[in-house]
**Student:** 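The structure follows.
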Amino acid sequence: MKKFALTITAILAAAALAGCTSAPSSSSAPSSVPSSSAPSSAPASQAASGSTAAGVTMASSLTEIMDAVLAGAPADQLPMLLPADLNGGEKYAPLTEENSEYNLGVARDRYADGIDAEAAMSSVPFSVCLVQANSADEAEQLAADIEANANPRKWVCVEAESKIVDRSGDKVILIMASTDLANQLHAAFTALAQ
């Protein structure tokens, strides 16, 4: 009986460790795009192909901007996001004093409002945080601090291939995902600034 219990324990421990190594790893460090208020040079139609962002601008609500950014990538490439019942009933998780440093690397008192679209499975390195700075002037320093402090290994067992921080006006976005997906979402964000 002791041998059986030890065998089961060993199998469970191996399975738990396998979860930390099952995601593909990137041989290169996460890439980053410098923070900039200048819009992308890609045309809006090319940048956010398939986007349903009609009428959404940087003056829209954070939820509307996040919807437009996520619509910038094919739905089959996006992971399943945390459901509203795990986000306090909200479509996207609000950034709070408790989770701000984990998600962004900066304290919650540094910005006016923020939301996070997070993958439902912690083994999928996907997070898009959108924050509204206290002012457009403060957004530049906030973006620089997020760039310096956001951890693309926040999930411990997996790491995002790409970390992109950008800003437009008083909005700052942090995208951590696979390189291709991060680039598509970033293009959708910059298209909104045009």
Side-chain angles (χ1 to χ4, degrees), residues 26 28-40 47-48 53 56 58 60-73 77-79 81-82 87 90-120 122 124-156 158-193:
S26 172
S28 62
S31 64
S32 176
V33 172
S35 297
S36 165
S37 60
S40 168
V56 177
M58 286 300 163
S60 299
S61 73
L62 292 180
T63 298
E64 291 170 327
I65 295 170
M66 182 72 82
D67 287 345
V69 167
L70 295 179
Q77 289 186 18
L78 291 173
L81 300 179
L82 281 175
N87 291 333
E90 300 295 325
K91 185 173 187 177
Y92 303 112
L95 292 171
T96 64
E97 289 180 21
E98 292 79 27
N99 67 19
S100 183
E101 290 195 34
Y102 170 76
N103 286 303
L104 294 170
V106 298
R108 176 60 183 86
D109 62 0
R110 296 281 312 279
Y111 52 91
D113 197 10
I115 57 175
D116 175 36
E118 192 81 24
S122 63
V124 177
F126 178 87
S127 178
V128 179
C129 294
L130 181 63
V131 299
Q132 181 173 354
N134 293 317
S135 69
D137 292 337
E138 290 183 28
E140 183 175 3
Q141 185 60 52
L142 179 62
D145 292 344
I146 291 171
E147 172 69 34
N149 297 311
N151 184 2
R153 284 196 57 83
K154 71 178 186 173
W155 302 275
V156 180
V158 293
E159 179 175 2
E161 288 178 345
S162 186
K163 174 174 91 170
I164 299 173
V165 176
D166 201 355
R167 65 183 171 82
S168 178
D170 64 350
K171 306 299 189 298
V172 178
I173 193 165
L174 166 64
I175 304 167
M176 294 192 290
S178 66
T179 301
D180 184 50
L181 182 55
N183 289 336
Q184 291 177 53
L185 297 174
H186 182 238
F189 177 79
T190 57
L192 295 176

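Numbering starts at 1 and runs along the sequence shown.
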**Student:** Can you see which heavy atom on L185 is nearest to which on V69, and at what distance?
**Tutor:** CD2-O, 3.2 Å

**Student:** Could you check whether any side-chain heavy atom of E159 comes within less than 4.5 Å of a side-chain heavy atom of P152, counting everything from C-beta outward?
**Tutor:** yes

**Student:** For T96, which residues count as a side chain to side chain donor-acceptor pair (under 3.5 Å) partner, sequence neighbours excluded?
**Tutor:** E98, N99

**Student:** With a cut-off of 3.5 Å and sequence neighbours excluded, list every side-chain donor-acceptor pair involving residues 170-177.
**Tutor:**
from	atom 1	to	atom 2	distance (Å)
D170	OD2	Q132	NE2	3.1
K171	NZ	M58	O	2.8

**Student:** Which salt bridge (Lys or Arg N to Asp or Glu O under 4.0 Å) pairs, counting each pair once, include a residue from residues 103-119, with sequence neighbours left out?
**Tutor:** R110-D145, E118-K154

**Student:** Is there a donor-acceptor contact under 3.5 Å from the side chain of K91 to the main chain of T63?
**Tutor:** no

**Student:** Sequence neighbours excluded, which residues qualify as side chain to side chain donor-acceptor pair (under 3.5 Å) partners of N134?
**Tutor:** E138

**Student:** Got a sec, which residues hit side chain to side chain contact (heavy atoms under 4.5 Å, CB included) with S60, two or more places apart in sequence or on another chain?
**Tutor:** V56, T57, E64, I65

**Student:** Do you know the tightest heavy-atom contact between A187 and T190?
**Tutor:** O-OG1, 3.0 Å

**Student:** How close do I146 and V165 get, counting heavy atoms only, and between which atoms?
**Tutor:** CG2-CG2, 4.0 Å

**Student:** Closest approach of W155 and F126, non-hydrogen atoms and distance?
**Tutor:** CZ2-N, 3.5 Å

**Student:** I'd like to check the side chain to side chain donor-acceptor pair (under 3.5 Å) partners of S100; sequence neighbours left out, ordered by chain and number.
**Tutor:** Y111

**Student:** Can you check side chain to side chain contact (heavy atoms under 4.5 Å, CB included) on Y92 and L70, steps first, answer last?
**Tutor:** CA-CA 12 Å; Y92 303 112; L70 295 179; 3.6 Å; yes

**Student:** Measure the OG-CG distance between S127 and L82 for me, rounded to the nearest 0.5 Å.
**Tutor:** 9.5 Å

**Student:** Please report the closest heavy-atom contact between S168 and A193, naming both atoms and the distance.
**Tutor:** OG-CB, 3.3 Å

**Student:** Taking the side chain as everything from C-beta on, heavy atoms only, tell me whether L95 gets closer than 4.5 Å to L130.
**Tutor:** no

**Student:** Would you check if Q77 and D180 make a side-chain contact, meaning some heavy-atom pair closer than 4.5 Å?
**Tutor:** yes

**Student:** Closest heavy-atom contact between P79 and V124?
**Tutor:** CB-CG1, 3.9 Å

